[in-house]
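For reference, the structure is listed below as structure tokens.
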Amino acid sequence: MKRIIKILLYILIINPLLLTSCWNYREADNLTLVRGLAIDKAEDNNYLVSAETADMHEEGMEGKAKSVIIESKGETIFDAVRNAILVNVPRLYLGHTTVVVISQKLAQEGVTPVMDFLTRDHETRLEMHPVIYQGNEAKEIFKAKPFTAEIISEEIRDMLYEQKRISKAVQVQIYEFMECLASEGVSGIMPVVRLEEIAGEKVIRLCGTAVFKKDKLIGYLDEDETKYLCFVLDEVEGGVLTVNVGSKEDNGKITLEILKSKTKVKPSYKEDKITIEIKIRIRAVLDEVRTRIKFNDQKDLDELAKIAGEQLKGHIENVIKKAQNSNSDIFGFGLQVKRSLPKVWKEKGKDWDKLFRELEVNIIPDIEIVHTGLLIKSVEVGE
Amino acid sequence: MYKEIISQKQAIVLMITFIIGSNTILVMGGKSKQDIWIAVIFAIAAACVLVAVYARIAKLFPEKHLFEILDILFGKVFGRIIVLFFAWYLFHIGAAIVKNISEFIRIISLDSTPVCIISLMTGIVIAYAVRSGLEVMGRLISIIFPIWITGTLVLTILSIGQYDINRLKPVLYEGLEPVISDAFRLFALPFAETVVFLCFAGSFQRKSSPYKIYYYSLLVGGFYLAIVVARTVMMIGADNLSMFMYPLYVTARLIRVGNFLEKIELISAVLIISCTFTKATVYLFSFTKGVAYLFNIRDYHRIAAPSVFLASIYSIPLYESAIEMIKWAQDIFPYYSIPFQIILPVAVWITAEIKLRKNKNTTAENPQNQAM
Amino acid sequence: MKETQTTAENNVNKSVIMLKALKDNVKQFKDIFQNDDTFMIRYFVNSYQSQIRFCLLYLEGMIDAEKIYNSIIKPLIQTNLSENKTTNIDTIMNQVIISHKVEKTQDSDALISAIIRGDSVLLMENCYDALIIASKGWKSRSTTEPEGEKVIRGPREGFVEPLMENLSMIRRRLATPDLKFKIMHIGVRTKTKLGICYIDGIANKQILGELLERLNKVKIDGILLSGSLAELIQDAPYSPFETIGSTEKPDVAAANLLEGRILVIVDGTPHVLVLPYLLEQFFQSDDDYALNFYFSSFSRMLRVLSFILTVTAPAIYVALLTYHQEMIPTPLLMSILAARQGIPFPTIVETLGLILAFEVLRETGIRMPVSLATALSILGALVLGTAAVEARIVSATVIIVVALTGLTGLMTQKLKSPVVVIRIFLTILAGLMGIYGVLYGIILVLTHLCTIRSFGVPYLMSYTSLRPEDLLDTAMRTPIWFLKKRPRFISSSNKIRQANRRGN
Amino acid sequence: MVLTSSLVIITALIIIDLIPIYRDQQWKAFFVYCFFLTIFLILAVLMEYNVKIPSPAEPIRSIVSFIFGFEQS
């Protein structure tokens, strides 16, 4: 009896110890920490994936990260990611990826395969930021010289976070883009980066928005247009509004700083026609006056607000025109129609493409200038 | 063997967790898209009717569990046959929930671990809980529940900035039809499953009311589910909801507060698993009780461990893949459960009413049966 | 089991049959205490009646010489017994001996154990009876503040080894005739004295009955420590959790009595057993009731939190670092990675090894003379820790994690045995299945905690009843006037502990 | 893998559960226990050798579709 128990105990205790082989147990130091991915399409229809990894090394008592670029090729994106093992020993670990740079060429062909990979894999994260690279090959982006962070991907992410203050780029995450892809009546957008040369060094610059139709890239908006797009999307959290005043020759410009902006998009249906009404309410302060015109009392400010509103309206109309021309509903007007006028959408939703082209958009800006800064008068130059 | 008793509060908490249970894994998506929360509310309304039958049965036979009731009403032989079928149902669904848990764990992170290890580990935990008996289960759930509630509240509060109420629009875009078909599924999946509780309704505290237990937990659990699906839709949109395999888990992945608090989905995974674990425990507990009753074993704790392990190993070949599992739960399960969730309880109820009325006429007094 | 029976029989064989002749009787005692040099035999004669011979038997070292001199020998020699014609043992007992406790007996067991316990036995010529005269006297430790249960505000008195002194310390605090002491002897050889102490009308009779039943079942050679008795009578003997508590402070003991608990005091141990003992009591401190309730609630929550932390911290660290790297914030992961560069061991081995090293340090710290403590802390913390990090044997993060574990573990000292077991158990599970292993482990531990009972009272009673009033004195410490009722199950009928608010 | 871990569990169960049942002479429980353990073991062996174990999912699916007469979506 005792002997049997001894044998049983042996099986019970020794076996589990032998069984605890690796499975998913992986040492963190056997992983290559990927911070950013750049995805290109090579000539032979294969994918070229460049991963920016953080190589950890210790300097004195503190750890430092160094950016190391690993390139690999494969028939699919995941194949390419795994093929990196051939180049670099530890496998690429995508759990900490923040930015995915997609080349312009690939985006023009369609981003569905990229999106599928990024959402299906359990390692990759849905809150990554997809970015379109305006240029030849996306991997070039990692050749840039970062200013603040050691790692370029982190720099791009920080830039995307920081731009909130100026609202000149959109901040999109994978799942939001996926939602745009899946639902009808809205087209996807992504921020765009490109390399620029400053003082002999290549640096990254955010430059506007990429416009998609379905999953294909069809065009770009520049920074200013992006700002007006943000007004429609109600994503403005700050930034400036320049107003031209006076005559053209005078070239007088007044800058308003936006404190708060709220946009309401309201579609209406009358007499077999869909109209979109956009109400933009902005609270701003007077920040810089580059003109001789004086603002000395409330009436002047009201006047200025009116002018600013008119100009804002004009700019936004231009952006909408541009979108209508390329037939891509980046503003989600269709979705708005579907949400507030489901019956109409059911009838007309099928040919929204056509309707969008001729959509009538009413913009009602309402700008309130809260205060004029520290000066109650404009700077007066003694004449 | 002394009689096990759980208090009314513990029973309510157990049932709430049971209702929420695997629905946190097997969401629910489906045809009704952004109207899914309406489907949940419809399902609650429908379940309210059926639950009245369950509670009535529990009230009519205090201190008796379903198997004994079947015996009293349908006789030794026929009653046992029904018990056999019912035990199979409990075993099957219990195994399926173990499969849910192990597939969930496997897909979200332990992808190269053999699934049998995960299943058997789950089996160990459930077996220990079942073996310790109902009272322990009642106590265990009253510890897990507050933790679970706090966790869920924290997750909800943290994600509140990412809600967009516009994603719930348009309401009833496709009409009522898909909503009702989803409501039918939701009715069968969490709400009507509470029929399992009849297997140990006899252990409810004497002074507690089965009506209270059933309705409290149905309403709290149900509305919680409605809020959860609405929350999920508000966060990721209806299209993403039907695309992702585990939408609830995905929403937790997206939570970000400032630049420092992110990637807290593991908390969500832990909450989901502990909830589903409770459901599996309830099912396999009832199964063990059924088997013990079939073989006239007075002390069901004795055979708890092998019954649970049998279910946990049988869960491995039950479905080929997670997709099949989810499809099965959505398409087949509601129909498969009709005999057990609707026909059987209703039959029991009608027979019981008739028999008791007859008894009343003959013996005129029977304090237990006059309780209602 | 068999062994104890034979020893019991041996004892029975060695008995004294009281005879008439003094010499014969003394000889029998001599036989029993042969080879014992402390056994003293003192013959003496009354100075007036030289034919009345006495013999006093005692063990040297156990008696108070003063008492024997003043109350036994002096009166026996100096009293004029001749005045009394019928001098017998009764007159001596009633009229001569000046002692508070005299007993006449022929029972050999009683006589022998009286000698062993430090009383003296007086034999008289031509008499079948003997007198047991109380003469105990030995030095015991003075009461000091117990090291294990230090308080900021509160009595500094602590229990000492002798049973009776401990009983008196309790009695002094509870001046009620309802306070009952029940004396028992346990251990076939040691015959250790036990005092069972409870308040009649508050303590639960069922628990008391259960306790007596269990004590009667104990058949053992000897009990020297209250801890080993606790192990013999507690529920869930295989559990790492203790279901019988202990305290060294009379005020804590009195408070427990007032809650309806029962004390078992073992002679020779200053640690008084408290039962039924529930998990929440590990997190309560004497100080809580003396300090402001906001502060005590906070520190009580801190204790619960640190218990959770000390049990789970290494497991979660291992799980996160080896299974769920995506969960760690990127900058933190990067610094962990940098620290782990060049470490030869896998994380799990590293963590387990360091936990073990920490336990070694702790154990040495307890067993070591105080004068070496500084040397140990320098050696352990400074030399070993720093050198190990510098030499790249362990990473700095593991050291931080294990140090945190150790620190939080010190907060709930009394729980250290389950803490160590569960901590290692969870860490291994974390290495097996990541955070899911930890979760499963925690559920297993919780289930186990729900299973165990202490004398019929569920171990987690107040946490699991889902009644808000049960949490008033567990998760937090509400002001004392909120605690109107005694804990359920523990006390029997008398539930209300105070009148309305604040002594109205 | 299945077999080894199952064997570990079976051994543990025998030590913890089955021997006490045998001692208490609860024969009904003992036989049910052994019966379940045997099925458990058989399943484990079959799985170890990659034998396909019939799942009730498919038959139930066909029965349900037969009774309610709907097409698979």
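Convention: sequence-line order gives letters A, B, ...; per-chain numbering from 1. On a predicted model such as this, the values are computed, not experimentally measured, just so you know.
Applying the salt bridge (charged side-chain N to carboxylate O under 4.0 Å, His left out) definition to pairs two or more places apart or across chains, those involving residues 298-319 of chain C are C:Asp288-C:Arg300, C:Asp288-C:Arg303, C:Arg300-C:Asp473. Legend: salt bridge (charged side-chain N to carboxylate O under 4.0 Å, His left out) pairs involving residues 431-451 of chain C, not counting sequence neighbours: none detected.
For chain C, no part of B:Ile147 is nearby; none of its heavy atoms comes within less than 4.5 Å. Contacts between B:Ile264 and chain C at a heavy-atom distance below 4.5 Å involve the backbone alone (N, CA, C, O). For chain B, no part of C:Leu332 is nearby; none of its heavy atoms comes within less than 4.5 Å. Proximity to chain C (any heavy atom under 4.5 Å) is shown, for B:Leu266, by both the backbone and the side chain. At a 4.5 Å heavy-atom cutoff, the contact between B:Ile101 and chain C is made by side-chain atoms alone. With a threshold of 4.5 angstrom between heavy atoms, B:Phe277 approaches chain C through side-chain atoms but not through N, CA, C or O.
Within residues 441-449 of chain C, the residues having any heavy atom closer than 4.5 Å to a heavy atom of chain B are C:Ile443, C:Leu444, C:Leu446, C:Thr447, C:His448, listed by residue number. By a heavy-atom distance cut of under 4.5 Å, not one residue of residues 307-316 of chain B is near chain C.
Put simply, CG on C:Leu439 and CD1 on B:Ile273 are 6.0 Å apart, with the number rounded to the nearest 0.5 Å. With rounding to the nearest 0.5 Å, the separation of OH in C:Tyr440 from OG in B:Ser274 is 10.0 Å. The CD atom of B:Glu265 sits 5.5 Å away from atom CD of C:Glu326, with the distance rounded to the nearest 0.5 Å. C:Arg467 contributes atom CZ, which lies 12.0 Å from atom OG of B:Ser142 (distance to the nearest 0.5 angstrom). From B:Met137, atom CE reaches atom SG of C:Cys450 across 11.5 Å, with rounding to the nearest 0.5 Å.
No donor-acceptor pair under 3.5 Å is formed between the side chain of B:Gln10 and the backbone N or O of C:Leu466.
C:Arg453 has a carboxylate O that lies under 4.0 Å from a charged side-chain N of B:Glu135, or vice versa, which qualifies the two as a salt bridge.
Residues C:Tyr436 and B:Ser109 form a side-chain contact, since some pair of their non-hydrogen atoms from C-beta on lies under 4.5 Å apart.
No more than 12 heavy-atom neighbours from other residues, nucleotides or ligands sit within 6.0 angstrom of OH on B:Tyr216.
Between chain C and the options B:Ile144, B:Ile141, B:Ile124, B:Thr122, the largest number of non-hydrogen pairs under 4.5 Å is found for B:Thr122.
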